[in-house]
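Everything on this sheet refers to the single structure shown next.
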Amino acid sequence: MIALVDVNNCYVSIERLFDPSLCNKPVIVLSNNDGCAVARSNEAKALGIPMGAPAFQYKDLIIQEKVNVLSSNYPLYADISGRAMNLLAEFTDNMEIYSIDEAFLYFDGFGKHFNYYQIGEKIRRTMIKGLGLPVSVGFAPTRTLAKIANRFAKKYPHIGGSVCVLDTPAKIEKALKKTEIGDVWGIGRRKNLRLQAVNVNTAWDYTRMNDAYLRREFGVLGTRMKYDLLGERAVQQADIKPKKSIACTRSFKDMMMDKNELKERIATFTATAAENLRQQGSNANMIGVFLQTNRFREEMPQYNPSFIFPTDFATSSTIELNKFAQKALDIIFKPGYRYKKAGVILMGITPDNARQTKLFYADNPKHKDLMQAIDAINSKLGRDTVTFAIQDRKDKWKMRQDNLSQRYTTNWDDLVRLKCF
DNA sequence: TCTGGGGTCCTAGGACCC
DNA sequence: TCTGGGGTCCTAGGACCC
């Protein structure tokens with residue numbers, strides 16, 4: 001069996017750990033620049049605030065219903081997520097961390113008569129007691145079914161208290177018949193529409209489709225999904241692999257026209273991406289840069305250029321990468337447009353120990369030591385202690401974060417304070 | 001006024017090889 | 001009139017995930 005464990009309303013639950021007054025109240029957490037709702041408490045969901053809702057469109061409802069609105073605090077969420085994963089890792093020797101708030105736990109070889117409800121309950125108790133986070137647990141023979149089991153655990157918490165076990169063909173069939181096809185893991189908006197057009201409305205309907213048709217219309221993923229839904233493992237566990245692309249992209253608070261300001265942004269994005277690249281011990285062979293105007297302002301002229309530069313050699317040096325990034329910017333920048341978003345993407349990533357050397361070009365060997373020194377200082381004394389001269393010292397580009405909680409677990413100055421009465 | 005960020009995988013088609 | 005067969009690699013774009 002495979003368990004999918006996920007933290008309920010993850011970011012909201014984490015905020016509640018440090019501010020219990022948020023419990024039992026509608027709460028939403030917003031994306032960068034306080035843009036869209038990316039996490040909602042059950043109370044907020046009940047008010048009809050959808051996932052990804054732009055905050056300004058729900059302003060009236062938020063005021064009227066006294067919805068607590070928070071800016072996202074990613075360093076805090078990443079730290080708590082790490083602790084949650086450590087706790088979960090105690091339950092099995094084979095765990096796949098799927099996202100910041102979910103993990104697949106493999107219970108292979110535990111036998112038919114193992115009591116999965118009990119282990120599910122134990123996981124829930126452990127997470128509440130050890131960390132204060134509410135989780136849902138879904139058990140099933142395959143990953144796609146475990147996702148469905150997890151949905152049921154959330155949807156019908158009275159059935160065994162947020163644990164759902166799909167362990168017999170009869171239970172699986174019943175669950176599939178009750179699951180709309182659009183809610184299946186791997187069916188997005190497009191495929192949902194195409195399936196409904198041929199009268200496939202539930203996950204069960206999908207398993208009744210013939211293989212050749214699924215292969216032709218939905219590719220290999222289409223047939224794999226069918227068998228996964230029937231309880232045969234067709235969707236394999238993902239290995240832990242280094243990333244194949246590393247990006248740093250941001251929307252700006254205001255639209256931007258000045259090329260020098262964009263140069264600074266691109267340099268800063270490159271520095272961040274390169275730092276992540278070095279952290280996984282890799283080098284990049286290509287760097288892509290893009291600009292975007294504001295797509296929501298249709299009356300304004302639109303321009304969304306991008307350019308991918310092959311670097312002359314595999315490198316993780318911020319200095320080298322930024323040279324290419326700036327060249328790319330020179331190529332795509334056109335004056336007169338108001339840019340709303342920009343980004344840098346590192347691609348063609350290869351590990352440090354499998355580096356293709358070039359005959360005519362080489363990395364400056366001094367860069368490696370320099371980067372190591374910079375990374376060491378920044379990791380010890382805080383992000384952005386050492387930056388490149390082209391980078392602004394942040395103040396100017398501060399995101400809109402009107403309701404940011406403290407970095408309770410990642411910054412000494414933000415530790416929780418207790419008062420003695 | 002205001003609308004996120006960071007990833008993965010698959011496929012078809014082109015270009016190339018012997 | 002008529003023009004093989006069997007591959008690999010790369011890329012852009014689409015679709016999906018949280």
Side-chain angles (χ1 to χ4, degrees), chain A residues 4 6-11 28-40 49-60 62 69 71-74 77-78 81 96-104 143-144 147 150-151 181-195 214-225 235-255 269 272-273 276-277 280 285-286 288 290 292-298 300 306-308 310 338 340-349 399-402:
Chain A
L4 176 67
D6 85 338
V7 179
N8 301 340
N9 313 328
C10 182
Y11 299 166
I28 60 175
V29 176
L30 301 179
S31 60
N32 276 348
N33 279 316
D34 290 348
C36 303
V38 291
R40 304 156 295 151
I49 301 175
M51 182 65 177
F56 75 93
Q57 286 177 2
Y58 287 81
K59 209 172 164 185
D60 293 344
I62 286 168
V69 180
S71 306
S72 42
N73 187 345
Y74 287 106
Y77 308 151
S81 167
E96 177 195 346
I97 297 175
Y98 181 68
S99 75
I100 193 163
D101 72 331
E102 299 172 65
F104 289 102
R143 302 163 99 230
T144 311
K147 275 277 194 182
N150 184 283
R151 277 179 49 86
I181 187 64
D183 291 331
V184 174
W185 187 44
I187 301 295
R189 211 169 43 89
R190 291 294 175 91
K191 287 184 182 173
N192 189 16
L193 288 176
R194 282 170 62 196
L195 285 165
L214 289 178
R215 177 68 182 82
R216 181 161 37 90
E217 293 295 318
F218 299 100
V220 290
L221 297 177
T223 40
R224 267 187 217 160
M225 178 180 298
V235 179
Q236 292 304 318
Q237 178 180 5
D239 305 331
I240 300 162
K241 292 187 201 124
K243 284 179 190 155
K244 295 176 175 175
S245 68
I246 291 175
C248 182
T249 71
R250 289 289 178 279
S251 296
F252 307 131
K253 198 167 50 168
D254 310 302
M255 286 179 275
F269 297 162
T272 303
N276 294 338
L277 180 70
Q280 77 163 29
N285 287 281
M286 290 183 276
F290 72 81
Q292 283 175 13
T293 47
N294 191 339
R295 64 192 167 102
F296 296 104
R297 301 283 296 272
E298 290 170 14
M300 292 173 47
S306 66
F307 192 86
I308 299 171
R338 295 159 71 82
K340 175 66 179 165
K341 184 175 180 178
V344 168
I345 305 168
L346 302 177
M347 289 169 290
I349 290 178
M399 276 186 293
R400 198 173 145 203
Q401 288 183 313
D402 291 342

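Numbered from 1 within each chain, the chains take letters A, B, ... in sequence-line order.
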Tightest non-hydrogen contact, residues A:Asp34 and A:Asp402, listed as OD2-N, 2.8 Å
- [ ] Applying side chain to side chain contact (heavy atoms under 4.5 Å, CB included), run through A:Lys341 and A:Phe290 and close with a yes or a no.
- [x] CA-CA 8 Å; A:Lys341 184 175 180 178; A:Phe290 72 81; 4.3 Å; yes
**Prompt:** Base, sugar-phosphate alone, or nothing: which one does A:Arg194 contact when heavy atoms must sit under 4.0 Å apart?
**Reply:** nothing
**Asked** Roughly how far apart, to the nearest Å, are C:dG4 and B:dC17 at atom C1'?
**Response** 15 Å
Ignoring hydrogens and angles, tell me if any N or O in the side chain of A:Arg194 forms a donor-acceptor pair with the backbone of A:Phe218 under 3.5 Å.
-> no
Notebook entry, point to check: With under 30° as parallel and over 60° as perpendicular, where do the rings of A:Tyr98 and A:Trp185 fit, or are they tilted in between?
Noted result: perpendicular
Worksheet item: Checking all strands, does A:Arg400 fall into the base, sugar-phosphate, or nothing category for heavy-atom contacts under 4.0 angstrom?
Response: nothing
Judged by atom type as modelled, is there a donor-acceptor pair below 3.5 Å linking the side chain of A:Asn33 to the main-chain atoms of A:Met399?
no
Comparing A:Phe252 with A:Ile246, nearest DNA chain B nucleotide closer to 5' gives the residue A:Phe252
- Look at all strands and tell whether A:Lys59 reaches a base, only sugar-phosphate, or nothing, counting heavy atoms closer than 4.0 Å. base
Ranking A:Ala247 and A:Phe218 by the position along DNA chain B of their nearest nucleotide, the one closer to 5' is A:Ala247
Taking A:Thr223 for its side chain and A:Arg215 for its backbone only, find out whether a donor-acceptor pair lies under 3.5 Å. no
Scan A:Arg215 against the nucleic acid and name what it touches under 4.0 Å (heavy atoms): base, sugar-phosphate only, or nothing. sugar-phosphate
Contacted region of DNA chain B by chain A, from 5' end to 3' end of the hits, cut-off under 4.0 Å to heavy atoms, spans B:dT1 to B:dT11
A:Arg40 side-chain N/O to A:Ile49 backbone N/O, donor-acceptor pair under 3.5 Å = yes
message: Under a 3.5 Å distance rule, please check whether A:Asp101 uses its side chain to pair with a backbone N or O of A:Cys10 as donor and acceptor.
response: no
Next on the checklist: So A:Tyr58 and A:Pro50, do their side chains get closer than 4.5 Å, heavy atoms only?
Outcome noted: yes
Counting only Watson-Crick and G-U wobble pairs with both atom distances below 3.5 Å, the stems of 3 or more consecutive pairs that include DNA chain B are B:5-18 with C:5-18
Could you check whether A:Val184 gets within reach of a base, just the sugar-phosphate, or nothing at all, counting any heavy atom under 4.0 Å?
sugar-phosphate
**Request:** For A:Asn33, answer base if it contacts any base atom (sugar-phosphate contacts may also be present), sugar-phosphate if it contacts only those atoms, and nothing otherwise; contact means non-hydrogen atoms under 4.0 Å.
**Result:** nothing
| What is the nucleic acid contact for A:Cys248, judged by heavy atoms within less than 4.0 Å: base, sugar-phosphate only, or nothing? | sugar-phosphate
Mind checking A:Ile100 for me? I need base, sugar-phosphate or nothing, with any heavy atom below 4.0 Å counting as a touch.
-> nothing
